[in-house]
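Any value given below was found using the heavy atoms of this structure, including those in side chains, with hydrogens, waters and symmetry copies removed. These numbers come from a predicted model, not from an experiment.
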Amino acid sequence: MYRTHTCGELRSENIGQQIILSGWVQRVRDLGAMRFIDLRDRYGITQLVTDENTPESIYEVLENIGREYVIQASGTVRERTSKNPKIPTGEIEVELSGLKILSSSEIPPFTIEEETDGGDELRMKYRYLDLRRPVIRKNLELRASIAGTVRTYLNNEGFIETETPVLIKSTPEGARDFVVPSRMNPGEFYALPQSPQIFKQLLMVAGFDKYYQIVKCFRDEDLRADRQPEFTQMDCEMSFVEQEDVLNTFEGLIKYIFKEVKNVDVENFPRISYSEAMEKYGSDKPDIRFDMTIVDLTDSVKGKGFSVFDNAEYSGAICVQGGADYSRKNIDELTNWVKRPQIGAKGMVYIKYNSDNTIKSSVDKFFNTVDLQRLINIVKADRGDMILLLSGNKNETLNALGELRLEIGKKEGLRIKNVFKPLWVVDFPLLEWDGETERFFAMHHPFTSPKTEDIELLDTDPGRVRANAYDLVINGVEIGGGSVRIFDSELQSKMFSVLGLTREKAIMQFGFLMNAFKYGAPPHAGIAFGFDRLVSLFAGLDSIRDVIAFPKNNAGRDVMMDSPSSISREQLDELNLKITTPQKH
RNA sequence: GGUGGCGUAGUUCAGUUGGUUAGAAUGCCGGCCUGUCACGCCGGAGGUCGCGAGUUCGAGUCUCGUCGUCACCGCCA
């Protein structure tokens, strides 16, 4: 027997018991005649102790052990002379009567403690050591707990968890596919799924009615802190439902997770349209933990001889509460910030409504006090506030104002980590014009149904057609999204043709789905959640890497395994593949 | 594809205008220590300043290139 207890469970009730523990050596404190060993496992740390009564044989073993050795310790639980209230096992210690090295360890490259001295790169390379740290392990425990909660909820709601294939067919729409060569079918490739989209719709045709899956998805696109090439979705689909049913079911799920995992009661999720989100927050994933909404001043600032405003397609403002005390330096910094290429504003105008009732702005030359007071009234600024204006092309300016709003929200401490404000963004546009290829793309995906009242616009003004599509946004992060699907093969064909797919191409790529729809497809709708993002939100992290056991780096490499890597000549031959560019290494 | 940050001891970092033998903390090794729990005290070892070229009497420091890494833009239905 390796252990009778874990390193986290012994208490004063166990005093006097003979026990066996196994675990990793966290640290040895050598006081000469006494030694203390902190023994760690998943469950906690227990202190082992030796003194003058300890047999010599144990000291002989002790001489050889170091940090991260795996040892088995037997002994008697006794009360500590000086207790440690900081740890749950701090009342007791184990007086050693036996000690065995189960596995030795080299000196680890960084300290394995709550606060490690290791940098990101090193911790990634030795991920299995980093995972020993409680702070990382807790993230993965949280992940498991959320997954369990999701399953409980959806199982209770009658959903069937169904697996779908990973080796599937490449489709041109959407993200770039990862592809897998087929040995048995020379020159042909599988694709890894970007999502199980089509399969879940086929399951609806199959009558499964309520489906879900916690499933890996793959997208071969450039990465970010919140984007990995392989990531996990909570994927769901329901039949005989309308948008409202889906929103209610999954609002319920999210609330249930908050309650079960964080014991937080979240209010009903507000719903705002895509266009309102863009107008008020400059984003389709607004952070509504704070207001500071955008006000359209396009017409209000025209006609004063300031050509920037006069010639602008759009001028808009946000009001920084208490911002009148921003220094010249603060404002210059913000101005430079919005002028960075990533934001792309040409400049920034400020109006300070000082607490002594005076007004100071960077456009005093063009606007007198009455003009400025009028703007202050429109924006509903109070004394002590500051208004910031950006001007230019409408979409770009709204986007820049949205970014500025978030930046100031961050600076002002308004984006509080443990405050959660979910909302639904609805009525997304169905299509999105791509200037480069001069065609429409599906904003969500090609199976998304247009709003009934907008269907006729498909022929006349496709860009204005709204979709029955929705996103769940929490704290400025897109957590999930879905849509009501097309279940009518006529409408689906129409959609393909608007997307520029010929009938032949559509049949080649999606023929099996169109065929399926010929045999009685139920009305259906669904949603998918970014599981990694959801967990990182609960964990209070900005990066999803620390909620993934073995994540990849910025360039999609696994620095621990050093993958991707080249394959042998034999493997290439077997797959009928030829490498045309010189390989690294 | 683009923009920016970083790369110096095992690790995390400092390193002045380009100027003597490149420092600190921590870790590691050795010694002392009977109540520690980030134990303490004393001593010691440890460096291809990412790599390559260039400028210079002289480069950790400046320039160019390259590699690695992180963040962002494009991209991600």
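When the C1' atom of B:rC28 is taken as reference, atom CZ of A:R67 falls 9 Å away, rounded to whole Å. Rounded to a whole Å, the CD atom of A:Q342 is 18 Å from the P atom of B:rG1. In this structure, A:E221 places its CD atom 16 Å from C1' of B:rG2, rounding to the nearest Å. We find that CD of A:E93 is positioned 12 Å from C1' of B:rU34, with the value rounded to whole Å. Atom pair A:M443:CE and B:rC76:P shows a separation of 11 Å (rounding to whole Å applied). Taking atom CD on A:E407 and atom P on B:rA71, their separation rounds to 17 Å, with Å as the unit. Between A:I87 atom CD1 and B:rU36 atom C1' there is a gap of 12 Å when expressed in whole angstrom units. The CG-P distance, from A:D546 to B:rC70, rounds to 12 Å in whole Å.
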What pairs of nitrogen or oxygen atoms, one from the protein and one from nucleotides 38-40 of chain B, lie under 3.5 Å apart?
unit_1: B:rA38; atom_1: OP2; unit_2: A:K86; atom_2: NZ; d: 3.4
unit_1: B:rC39; atom_1: OP1; unit_2: A:R27; atom_2: NE; d: 2.5
unit_1: B:rC39; atom_1: OP2; unit_2: A:R27; atom_2: NE; d: 3.0
unit_1: B:rC39; atom_1: OP2; unit_2: A:R27; atom_2: NH1; d: 3.2
unit_1: B:rC39; atom_1: OP2; unit_2: A:R29; atom_2: NH1; d: 3.2
unit_1: B:rC39; atom_1: N4; unit_2: A:D30; atom_2: O; d: 2.6

Kindly give the atom pairs (protein nitrogen or oxygen, nucleotide nitrogen or oxygen) under 3.5 Å for nucleotides 8-11 of chain B.
unit_1: B:rU11; atom_1: O2'; unit_2: A:D117; atom_2: O; d: 2.4
unit_1: B:rU11; atom_1: O2'; unit_2: A:D117; atom_2: OD1; d: 3.4

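Scanning atom types as modelled, no donor and acceptor separated by under 3.5 angstrom connect the side chain of A:R545 and the base of B:rC70. Side-chain N/O atoms of A:D51 and base N/O atoms of B:rG35 include no donor-acceptor pair closer than 3.5 Å. Side chain A:E121 to base B:rG68: no donor-acceptor pair is found below 3.5 Å. Taking only distance into account, the side chain of A:R35 never meets the base of B:rG35 through a donor-acceptor pair shorter than 3.5 Å. In terms of polar N and O atoms assigned as donor or acceptor, the side chain of A:R557 never comes within less than 3.5 Å of the base of B:rU69 in a complementary pairing. Below the 3.5 angstrom threshold, one finds a donor paired with an acceptor across the side chain of A:R78 and the base of B:rG35. Taking 3.5 Å as the limit, the base of B:rC75 and the side chain of A:R227 contain a donor-acceptor pair of atoms between them.
Annotation: B:rG27 and B:rG19 have their C1' atoms spaced 33 Å apart (nearest Å). Atom name P, nucleotides B:rC72 and B:rU16: the rounded distance is 31 Å, in whole Å. Nucleotides B:rA25 and B:rU8 place their C1' atoms 15 Å apart, quoted to the nearest Å. Taking the C1' atom of each, B:rC73 and B:rG60 are spaced 32 Å apart, rounded to whole Å. For the P atoms, the distance linking B:rC76 with B:rU17 amounts to 46 Å, nearest Å. The gap from the P atom of B:rU11 to that of B:rC33 amounts to 34 Å, rounded to the nearest Å. Nucleotides B:rU3 and B:rU66 place their P atoms 11 Å apart, quoted to the nearest Å. With both ends at atom P, the span from B:rU20 to B:rA59 equals 12 Å, rounded to whole Å.
The partner of B:rC32, taking Watson-Crick or G-U wobble pairs whose two distances both stay under 3.5 Å, is B:rG40. Nucleotide B:rG60: unpaired (no Watson-Crick or G-U wobble partner with both distances less than 3.5 Å). As the counterpart of B:rU26, B:rG10 is assigned, both hydrogen-bonding distances of the Watson-Crick or G-U wobble pattern falling under 3.5 Å. Checking B:rU55 for Watson-Crick or G-U wobble geometry (two distances, each under 3.5 Å) identifies no partner in any strand. A 3.5 Å limit on both hydrogen-bonding distances identifies B:rU3 as the Watson-Crick or G-U partner of B:rA71. Base pairing annotation: B:rU66 forms a Watson-Crick or G-U wobble pair with B:rG50, both donor-acceptor distances under 3.5 Å.
Residue A:D222 has its side chain nearest to B:rG1 when only B:rC76, B:rG1, B:rU36 are considered. Among the nucleotides B:rC28, B:rU3, B:rC37, the one closest to any side-chain atom of A:I107 is B:rC28. Comparing B:rG35, B:rG2, B:rC70 by their nearest atom to the side chain of A:F36 picks out B:rG35. Which of B:rC76, B:rC70, B:rC37 sits closest to the side chain of A:N554 comes down to B:rC70.
The residue among A:F447 and A:P341 whose nearest nucleotide of RNA chain B lies closer to the 5′ end is A:P341.
Using a 4.0 Å heavy-atom criterion, one finds that A:S195 contacts the bases of the nucleic acid, with or without backbone contacts as well. Residue contacts shown for A:A225 are limited to sugar-phosphate atoms, with no base heavy atom under 4.0 Å away. A:V559 comes within 4.0 angstrom of the backbone, heavy atoms only, and of no base. A:K125 comes within 4.0 angstrom of no nucleic acid atom, judged by non-hydrogen atoms across all strands.
At distances below 3.5 Å, not a single donor-acceptor pair connects side-chain atoms of A:D532 with backbone N or O atoms of A:V535.
In A:E114, the CD atom is crowded: over 12 heavy atoms of neighbouring residues, nucleotides or ligands sit closer than 6.0 Å. Remark: A:K411 NZ is loosely packed, at most 12 non-hydrogen atoms of other residues, nucleotides or ligands lying under 6.0 Å away. The local environment of CZ in A:R340 is crowded, with over 12 non-hydrogen atoms from other residues, nucleotides or ligands closer than 6.0 Å.
Sequence neighbours left out, the pairs with a member in residues 491-513 of chain A that pass side chain to side chain donor-acceptor pair (under 3.5 Å) are A:D459-A:K494. The salt bridge (Lys or Arg N to Asp or Glu O under 4.0 Å) pairs that include a residue from residues 467-491 of chain A are A:E237-A:R485, where partners are two or more places apart or lie in different chains. Every pair passing salt bridge (Lys or Arg N to Asp or Glu O under 4.0 Å) that includes a residue from residues 390-405 of chain A is listed here, sequence neighbours excluded: A:E279-A:K394.
For A:L398 against A:Y314, the heavy-atom pair with the smallest separation is CD2-OH, 3.2 Å.
Residues A:F531 and A:F231 place their aromatic rings such that the two centres sit no closer than 6.0 Å. Taking the six-membered ring for Trp and the full ring otherwise, A:F428 and A:Y470 have centroids separated by 6.0 Å or more.
Note on A:R224: a side-chain N or O is less than 4.0 Å away from OP1 or OP2 of B:rC73.
Between A:R415 and A:D287 there is a salt bridge, since a side-chain N of the basic residue sits under 4.0 Å from a carboxylate O of the acidic one.
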One pair to check against side chain to side chain contact (heavy atoms under 4.5 Å, CB included): A:L334 and A:L388. What are the steps and the verdict?
CA-CA 10 Å; A:L334 280 176; A:L388 298 175; 4.2 Å; yes

Kindly list each side-chain donor-acceptor pair under 3.5 angstrom involving residues 81-90 of chain A, sequence neighbours excluded, with atom names and distances?
unit_1: A:K83; atom_1: NZ; unit_2: A:E79; atom_2: OE2; d: 2.9
unit_1: A:K83; atom_1: NZ; unit_2: A:R80; atom_2: O; d: 3.2
unit_1: A:N84; atom_1: OD1; unit_2: A:K86; atom_2: N; d: 2.9
unit_1: A:T89; atom_1: OG1; unit_2: A:I45; atom_2: O; d: 2.5

